[in-house]
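Single-structure report; data block below.
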Amino acid sequence: MIKFSEQHLQTIRTHAENIYPEECCGIIFGYLASEGKTTVEVMPTENAWNTEAGAEFSGERTGESKKRQYTIAPEVMLQAQKQARDRSLSIIGIFHSHPDNPAIPSECDRLYAWQGYSYIIVSVQNGKATQVRSWSLDDTHQFQAESIENIT
């Protein structure tokens with residue numbers, strides 16, 4: 001389970017709508033506890049996907065555009081890790097959007113996901129954020145649906 005305030009979820013939806021028709025992305029900071037993850041901050045980032053980024057990945061989707069692919073620049077991830085550590089937080093997840101597609105992970109999402117993180121996907125249909133779902137990897141590197149709980 002991952003917990004979000006309505007403000008955090010709205011930040012994700014707004015970023016997804018503003019970046020549409022491309023995929024948006026961002027980092028989720030918070031706490032890990034036995035009862036799940038609790039979000040403290042959502043940090044929208046730039047989608048750094050480009051031809052060079054695609055060359056770093058193997059597979060048939062390396063030529064995809066930002067409409068079907070996302071990546072967070074390594075230097076942004078390193079800075080986020082430092083910020084989290086300095087604030088006694090953890091990076092607990094990554095979010096991204098699926099423009100005009102359901103909020104279900106793609107095979108590429110699965111291949112490049114890291115265990116331990118929640119992956120929030122927001123479906124954006126015709127420029128409007130609709131469904132928001134969370135996923136996490138199991139021990140066999142398959143995505144399993146993860147519940148989202150609202151906090152006040």
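These numbers come from a predicted model, not from an experiment.
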For this session: Measure across M43 and V76 and return the closest heavy-atom pair with its distance rounded to 0.1 Å.
Result: CE-CG1, 4.1 Å
Problem set entry | Sidechain N-carboxylate O distance under 4.0 Å for E149, K37 | no
Exercise. Cluster question for you: counting only ILVMFWY and a side-chain heavy-atom cut-off of under 4.5 Å, with indirect links fine, are I94 and L89 together?
Worked result: yes
Exercise. In terms of hydrophobic clustering (I, L, V, M, F, W, Y; side-chain heavy atoms under 4.5 Å; direct or indirect links), are V42 and I91 co-clustered?
Worked result: no
Exercise. Salt bridge or not for E23 and R68, using N-O below 4.0 Å?
Worked result: no
Exercise. Looking just at side-chain N and O atoms, do S123 and Q125 make a donor-acceptor pair shorter than 3.5 Å?
Worked result: yes
For this session: Look at atom CD of E6 and say whether more than 12 heavy atoms of other residues, nucleotides or ligands are closer to it than 6.0 Å.
Result: yes
Exercise. Between the side chains of Q144 and D138, is a donor N or O closer than 3.5 angstrom to an acceptor N or O?
Worked result: yes
For this session: Verify side chain to side chain contact (heavy atoms under 4.5 Å, CB included) between D100 and N126, making sure each step is shown before the conclusion.
Result: CA-CA 6 Å; D100 299 314; N126 297 312; 3.9 Å; yes
Problem set entry | Residues E146 and R133 bridged, charged N to O under 4.0 Å | no
For this session: Measure up the H15 and F95 rings against each other and bin them: parallel (under 30°), tilted (30 to 60°), perpendicular (over 60°).
Result: perpendicular
For this session: State yes or no: do Y31 and W114 share one hydrophobic cluster built from I, L, V, M, F, W and Y residues joined by side-chain heavy-atom distances below 4.5 Å, directly or via other members?
Result: yes
Exercise. Are side-chain N/O atoms of S5 and H8 paired as donor and acceptor at under 3.5 Å?
Worked result: yes
Problem set entry | Criterion side-chain contact (heavy atoms from CB on, under 4.5 Å) against W135, the qualifying member of I120, D109, I104 | I104
Problem set entry | Aromatic centroids of Y119 and F143 separated by under 6.0 Å | yes
For this session: Would you kindly confirm whether I27 and Y70 end up in one hydrophobic cluster when ILVMFWY residues are joined by side chain heavy atoms under 4.5 Å apart?
Result: yes
Exercise. Applying the 4.5 Å side-chain criterion to the ILVMFWY set and letting contacts propagate, would I2 and I121 be lumped into a single cluster?
Worked result: no
